[in-house]
Asker: 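Here it is, the structure, as structure tokens.
All chains are named by letter (A, B, ...) in the order of the sequence lines, taking the proteins before the strands, and each is independently numbered beginning at 1.
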Number of protein chains: 2
Amino acid sequence: MLTDRQLLILQILIDEYIQNAEPLGSRSISKRQDISFSSATIRNELADLEEMGFIEKTHSSSGRIPSEKGYRFYVDNLLSPVAMRNRDMKRIRSLFHEKMLELEMLIEHSANLLSEITNYTSIILGPEVYETKLKHLQIVPISTGTAILILITDTGHVEKYTVELPDGMDASDLERTVNILNERLKGVPFSHLKIKLYQEVQGLMKTHLRNYEKTLDFLTRLFQNEKSDKVYYGGKTNILNQPEFQDVEKVKALYNAIEKQDLVYQLLHQGTIEGINVKIGAENSIQEMKNCSLITASYSIGGQHMGTLAILGPTRMEYPRVIGLLDLLSKDLTKVLTQRYYSN
Amino acid sequence: MLTDRQLLILQILIDEYIQNAEPLGSRSISKRQDISFSSATIRNELADLEEMGFIEKTHSSSGRIPSEKGYRFYVDNLLSPVAMRNRDMKRIRSLFHEKMLELEMLIEHSANLLSEITNYTSIILGPEVYETKLKHLQIVPISTGTAILILITDTGHVEKYTVELPDGMDASDLERTVNILNERLKGVPFSHLKIKLYQEVQGLMKTHLRNYEKTLDFLTRLFQNEKSDKVYYGGKTNILNQPEFQDVEKVKALYNAIEKQDLVYQLLHQGTIEGINVKIGAENSIQEMKNCSLITASYSIGGQHMGTLAILGPTRMEYPRVIGLLDLLSKDLTKVLTQRYYSN
DNA sequence: AATTAGCACTCAAACATAACGAGTGCTAAC
DNA sequence: GTTAGCACTCGTTATGTTTGAGTGCTAATT
């Protein structure tokens with residue numbers, strides 16, 4: 001489809017544009033060491049590449065910039081893996097060497113590290129609660145009729161719900177319920193809580209509790225509500241360093257989109273596919289991100305998907321570097337988490 | 001000090017400038033209905049006001065804008081309380097009519113409401129944990145050597161710490177410790193936990209626990225670490241609507257400052273004074289906020305300071321409206337919270 | 001047949017100039 | 001004390017000019 005020379009030129013053009021954010025003309029290309037053709041030849045090739053849709057002009061007599069299709073092709077076919085900087089490597093390693101007791105903390109630090117290394121904005125979808133196992137359950141009455149339900153997972157995550165107790169439930173009922181639940185539901189993944197409730201707990205409750213129907217109904221509703229995982233951000237203001245975001249209107253649109261956590265959650269959650277995933281410009285489902293690219297990688301615990309690491313930057317993003325970084329970090333994270341939480 | 005006419009002119013100038021963000025000239029002022037002097041007279045007065053430092057020019061032949069001293073004077077002396085819009089009133093009332101079980105939720109909604117009504121950015125310092133009382137304490141072992149400590153307050157707040165257990169502490173030690181603590185520390189305000197630990201618990205532990213010193217030491221360290229309360233934001237992107245923030249560099253500086261939660265926490269915490277507090281421009285301790293004003297109001301539970309509501313906007317802020325709003329909301333919030341959490 | 005030199009053409013960006021007008025300060029008259 | 005009048009200032013807007021980096025196309029060269 002594309003000649004070797006066209007590939008070379010496209011490669012150079014995109015590499016340079018990613019670096020300088022400025023349209024590239026035939027003459028600049030021809031002057032490079034690795035190019036031995038005249039600018040006229042380059043011009044012809046550029047015209048062809050443009051006709052095929054890989055590059056475009058900003059105005060009729062301007063140099064060329066990559067189109068989205070161009071970036072796509074670049075990412076799919078031209079990507080030469082780039083060596084990680086040594087000091088970045090070190091920073092990642094030291095992230096895991098620091099003693100961090102809380103998983104949330106580790107994730108938060110990862111988000112900051114990612115944004116600092118890349119100079120883009122990082123987004124991390126917190127560890128999926130859905131697949132972690134119940135370690136302990138506690139109900140603490142707060143005032144008459146209301147209580148706090150606390151669920152603790154094997155990853156040390158604490159989930160809490162403030163709830164209204166069914167009327168007529170007294171302290172001893174509550175205690176018995178909690179005891180039954182703890183006895184029967186420990187080690188059960190959150191995703192199975194509801195089923196297990198009927199399989200294991202129902203019978204016991206029937207014999208031990210007075211108004212067991214109400215309580216059962218109450219618990220069913222409780223286990224229903226799937227909490228969406230937390231979204232962590234790093235380097236939100238890095239976006240403002242990019243020349244494509246010198247216009248406040250654009251910044252506003254993007255920030256407004258980013259602040260909608262449920263939207264972002266959905267966007268990142270789509271990319272639950274193994275490995276690295278790159279969404280360029282309009283490939284993103286969020287309109288306001290049409291000038292951005294999103295690169296995602298997922299991390300897991302013991303083979304079970306746990307969350308997503310993502311970098312958000314302009315379409316003119318340093319794809320090779322970011323991809324390498326995310327690949328490394330997601331794998332390291334998976335390794336460390338599996339080691340820490342899967343053995344128990 | 002200032003003549004009535006000067007007061008009037010200053011009042012008009014600031015009011016208009018707050019509305020339109022444009023320097024005001026003598027002619028525009030003289031054309032107003034409530035002014036019966038010629039532009040020349042106004043010019044003389046403006047020159048005097050400038051000499052006194054209340055207003056300034058953007059360039060030698062421009063109209064005048066208020067100086068920080070001008071705003072200060074305006075806030076201290078010229079503020080005419082403005083009637084709240086009816087629909088804003090309604091929104092505030094309905095905020096408290098919605099059934100919201102969790103205090104955090106209520107605060108979050110308040111932040112959003114504040115930013116929506118004012119079109120500025122709102123910041124709320126979450127309910128002070130320090131003065132709430134312990135309702136229940138729980139320690140859940142997660143893996144060998146580590147556990148999660150959970151503290152639940154009478155306001156339904158859940159505080160958690162992942163901790164390393166002292167070596168040699170086994171399950172039964174843990175259980176006994178938790179029992180003792182729950183028995184002796186329930187109802188104790190967080191601020192007194194440490195003292196009470198020595199007064200009430202020490203003796204009991206000595207008789208019931210093997211390695212009581214280690215455990216005591218462990219708990220002491222734990223109760224030491226004062227968690228700074230959460231900072232809630234609303235309408236962060238509203239800043240971008242202001243004409244004074246059309247320059248991306250300024251936005252970046254401000255956002256970077258705002259993202260530093262500990263700085264913001266400190267800033268708001270200073271204003272623990274009763275009632276409304278207004279900080280104009282450079283009066284703010286944070287350099288990057290020199291183009292901003294911050295208006296704060298504190299809310300409390302049963303007379304005990306609990307947190308701070310704040311609105312961050314350009315120095316050219318609608319002071320009367322914002323002050324009225326914050327006053328109302330902080331009082332309402334105090335009333336509702338006191339009612340909800342003080343009676344128990 | 002592929003490459004390149006040459007040239008007319010395009011267009012954004014930079015610069016210069018002028019006109020406009022909203023503002024000022026000051027003086028002299030009311 | 002107030003106001004009319006006027007020269008002056010200076011940012012804004014509009015307009016035209018120049019520059020230069022780029023193009024596409026054609027014809028000559030390899």
Asker: State, with a plain yes or no, whether a side-chain heavy atom of A:K69 is found less than 4.5 Å away from one of A:E56.
Answerer: no
Asker: What about A:S61: does its side chain form a donor-acceptor pair under 3.5 Å with the base of D:dT23?
Answerer: no
Asker: Where the side chain of A:R64 is concerned, which of D:dT2, D:dC10, D:dT23 is the nearest nucleotide?
Answerer: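 Of D:dT2, D:dC10, D:dT23, D:dT23 is nearest to the side chain of A:R64.
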Asker: In this structure, how many angstroms lie between the P atom of D:dG11 and the CD1 atom of B:I65, rounded?
Answerer: 14 Å
Asker: Less than 4.5 Å apart, any side-chain heavy atom of A:L8 and any of A:D4?
Answerer: no
Asker: Below 4.5 Å, heavy atoms only, C-beta onward: do A:I258 and A:L312 meet side chain to side chain?
Answerer: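 Of all side-chain heavy-atom pairs linking A:L312 with A:I258, at least one is under 4.5 Å.
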Asker: What's the CD-C1' distance between B:E56 and C:dT24, to the nearest Å?
Answerer: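 Rounded to the whole Å, the gap is 16 Å.
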Asker: Whole angstroms only, please: what is the CD1-C1' distance between A:I29 and D:dA21?
Answerer: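 In whole Å, D:dA21 C1' and A:I29 CD1 are 13 Å from each other.
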Asker: Rounded to the nearest 0.5 Å, how far apart are OH of B:Y255 and CD1 of B:I239?
Answerer: 4.5 Å
Asker: At under 4.0 Å, does any side-chain N or O of A:S26 touch on OP1 or OP2 of D:dT23?
Answerer: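 The answer is yes; a side-chain N or O of A:S26 sits under 4.0 Å from OP1 or OP2.
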Asker: If you assign each of B:S60 and A:L24 to its closest nucleotide in DNA chain D, which residue comes earlier from the 5' end?
Answerer: B:S60
Asker: Output the rounded distance in Å from CG (A:N44) to P (C:dT4).
Answerer: 10 Å
Asker: B:R43 side chain: which of D:dT9, D:dT3, D:dC6 is closest?
Answerer: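 Ranking D:dT9, D:dT3, D:dC6 by closest atom to the B:R43 side chain puts D:dC6 first.
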Asker: How close or far is atom C1' of C:dG23 from atom CD of B:E22, stated in whole angstroms?
Answerer: 13 Å
Asker: Considering only C:dT24, C:dT3, D:dT3, which nucleotide approaches the side chain of A:R5 most closely?
Answerer: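 That would be C:dT3.
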Asker: Establish, with yes or no, whether the OP1 or OP2 oxygen of D:dA21 is under 4.0 angstrom from a side-chain nitrogen or oxygen of A:K31.
Answerer: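 The answer is no; no side-chain N or O of A:K31 sits under 4.0 Å from OP1 or OP2.
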Asker: Counting only side-chain N and O atoms of B:K57, is one of them less than 4.0 Å from OP1 or OP2 of C:dG25?
Answerer: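 Yes, such a contact exists.
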Asker: Round to the nearest Å and state the distance from A:E45 atom CD to D:dG22 atom P.
Answerer: 18 Å
Asker: For D:dG22, does OP1 or OP2 lie under 4.0 Å from any side-chain N or O of A:S28?
Answerer: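 Checking A:S28 against D:dG22: at least one side-chain N or O falls below 4.0 Å of OP1 or OP2.
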Asker: Calculate the interatomic distance between B:H59 atom NE2 and D:dG11 atom C1'; express it in whole Å.
Answerer: 5 Å
Asker: Is the backbone N or O of A:S115 less than 3.5 Å from a side-chain atom of A:N238, with the two atoms forming a donor-acceptor pair by type?
Answerer: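 Present.
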Asker: Please check the phosphate of D:dT3 (OP1 and OP2 only) for any side-chain N or O of B:S38 closer than 4.0 Å.
Answerer: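 Yes, because at least one side-chain N or O of B:S38 sits under 4.0 Å from OP1 or OP2 of D:dT3.
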Asker: So, does A:R27 get its side chain near the phosphate of C:dA5, meaning an N or O under 4.0 Å from OP1 or OP2?
Answerer: no
Asker: At under 4.0 Å, does any side-chain N or O of B:T41 touch on OP1 or OP2 of D:dT3?
Answerer: yes
Asker: If I take atom OH in residue A:Y17 and atom C1' in nucleotide D:dG22, what distance separates them, rounded to the nearest angstrom?
Answerer: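 Value for this atom pair: 16 Å.
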